[in-house]
Amino acid sequence: MSAARIPATTLRPVARSFFARPVLDVARDLIGCVLVHDSADGRVAGSIVETEAYGVDDPGSHAFRGPTPRNAPMFEAPGRAYVYFTYGMHWCFNAVTDRTGVPGAVLIRAVEPIEGIDLMRARRLSGAKSPRRGVRLRDLARGPARLTQAFGIGPEHNRTDLTRPPLFIGMGERFPDDAVRATPRIGLGAAQDGRRWRFVVSGSSYASGPSSRSG
DNA sequence: CAGAAGATCATCT
DNA sequence: GATGATCTTCTGT
């Protein structure tokens, strides 16, 4: 199933109250929303097709063992970005959720490109060490680190307000529940807690496919 | 201060 | 399916 195209001119950011909710609710509802980034080079936008929730009870959350300099944004106000560096070369982008003081964040794992595809492709190619062939459309922003590269998101966006340009989340299509696959990433009992769940638009080729065996 | 692990990706077999 | 790249962050001593 392919996400509907939403004219960028009609995009309106979601309200801050959208983010000030339990992380699982936000992660679920971000599916179908539109991630937008305006820069000097132009606008890129994509429909969110894959998210992952990191809540207070998740041992895999950066915030599980309390605040540190890195994870501080997770404890701060909802509706802002938490951007961190990992594996020596990648940046990952999260939306901070829940109340101030309650650490929660949604990792944006993949989007279906809507606008600025040439710019995304240029950014993805510019990072290559050796000349590479053009990145396939479906691979432009499939994966959290590919996404940040395609969107030009980096450390300068840590704590950015996601309810207004230049980097914001716009209201988008509401996918019905049976079109969204929800997978617990930890134990089976995770369903009742604010633990790690991954939400994916079922059948979207712009998200990690069901073939992804690791989990 | 040293060591290990990491919310990943591209490339190779 | 396996592996190297590359370096920050955190933990323990």
Side-chain angles (χ1 to χ4, degrees), chain A residues 19 22-24 26-28 30-31 35 46 48-76 80-98 102-111 113 120-160 162 169 181-187 190 193-200 205-215:
Chain A
F19 298 101
V23 66
L24 283 181
V26 179
R28 163 64 180 86
L30 276 173
I31 297 295
L35 178 64
I48 297 173
V49 295
E50 183 173 347
T51 63
E52 196 159 80
Y54 285 86
V56 291
D57 294 331
D58 182 355
S61 169
H62 289 169
F64 185 66
R65 291 163 205 284
T68 66
R70 178 177 67 166
N71 68 23
M74 292 183 71
F75 292 82
E76 298 172 7
R80 302 195 303 188
Y82 168 44
V83 179
Y84 70 89
F85 187 68
T86 191
Y87 289 105
M89 59 188 84
H90 298 306
W91 295 95
C92 289
F93 167 73
N94 299 253
V96 174
T97 67
D98 222 303
V102 179
V106 177
L107 176 67
I108 311 301
R109 296 192 55 90
V111 308
M120 291 189 204
R121 195 167 266 125
R123 283 171 171 154
R124 292 271 282 118
L125 283 170
S126 69
K129 297 188 181 80
S130 54
R132 226 194 301 158
R133 298 189 54 184
V135 181
R136 295 152 80 110
L137 176 62
R138 68 215 253 190
D139 292 333
L140 274 181
R142 187 182 65 174
R146 292 166 172 168
L147 182 153
T148 55
Q149 189 177 15
F151 272 67
I153 295 174
E156 68 273 26
H157 297 105
N158 201 18
R159 293 189 168 87
T160 286
L162 298 177
I169 289 172
R181 192 159 55 88
T183 310
R185 307 302 294 179
I186 296 187
D193 303 320
R195 295 195 180 183
R196 197 185 321 166
W197 278 67
R198 188 177 291 192
F199 298 90
V200 182
S205 59
Y206 298 91
S208 328
S211 55
S212 196
R213 219 149 299 161
S214 57

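The structure presented is a predicted model; accordingly, all values stated were derived computationally and were not measured. To find a chain, count down the sequence lines: A is the first, B the second, and so on, and within it residues start at 1.
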Asks: At under 4.0 Å between heavy atoms, how does the protein contact nucleotides 2-7 of chain B? Give one character per nucleotide, 5' to 3', with B, S or -.
Replies: ----BB
Asks: Let's test your reading of the pairing rules: Watson-Crick or G-U wobble, both distances under 3.5 Å, then write DNA chain B as a dot-bracket string with ( ), [ ], | and dots.
Replies: ||||||.|||||.
Asks: Using the benzene-type ring in the case of Trp, are the ring centres of A/H157 and A/F93 under 6.0 Å apart?
Replies: no
Asks: Please examine the side chains of A/N71 and A/Y82, heavy atoms only from C-beta on, and report whether any two atoms are closer than 4.5 Å.
Replies: yes
Asks: Rounded to whole Å, how long is the line connecting atom CD of A/E50 with atom P of B/dC9?
Replies: 10 Å
Asks: Nearest whole angstrom, please: distance from the P of C/dG4 to the CE of A/M89.
Replies: 13 Å
Asks: Please give, in whole Å, the distance from B/dT8 C1' to A/L147 CG?
Replies: 13 Å
Asks: Which heavy-atom pair separates A/R159 from A/A72 by the least distance, and what is that distance?
Replies: NH2-CB, 3.6 Å
Asks: Using whole Å, report how far CG of A/L125 lies from C1' of B/dC9.
Replies: 15 Å
Asks: Of the non-hydrogen atoms in A/L30 and A/A95, which two are nearest, and what is the gap between them?
Replies: CD1-CB, 4.5 Å
Asks: Shortest non-hydrogen contact from A/R142 to A/A110?
Replies: CA-CB, 3.9 Å
Asks: Tell me which one of A/V96, A/T51, A/I48 satisfies side-chain contact (heavy atoms from CB on, under 4.5 Å) with A/V106.
Replies: A/T51
Asks: Looking only at heavy atoms, which two atoms of A/R196 and A/D58 are closest? And how far apart?
Replies: NE-OD2, 2.9 Å
Asks: Given atom CD1 of A/I108 and atom P of B/dT8, what is their separation to the nearest angstrom?
Replies: 14 Å
Asks: Tell me the interatomic distance from A/R124, atom CZ, to B/dC9, atom P, rounded to whole angstroms.
Replies: 8 Å
Asks: Could you tell me if the side chain of A/V200 sits less than 4.5 Å from the side chain of A/S208, heavy atoms only?
Replies: no
Asks: Examine B/dC9: is either OP1 or OP2 under 4.0 Å from a nitrogen or oxygen in the side chain of A/R142? Give yes or no.
Replies: no
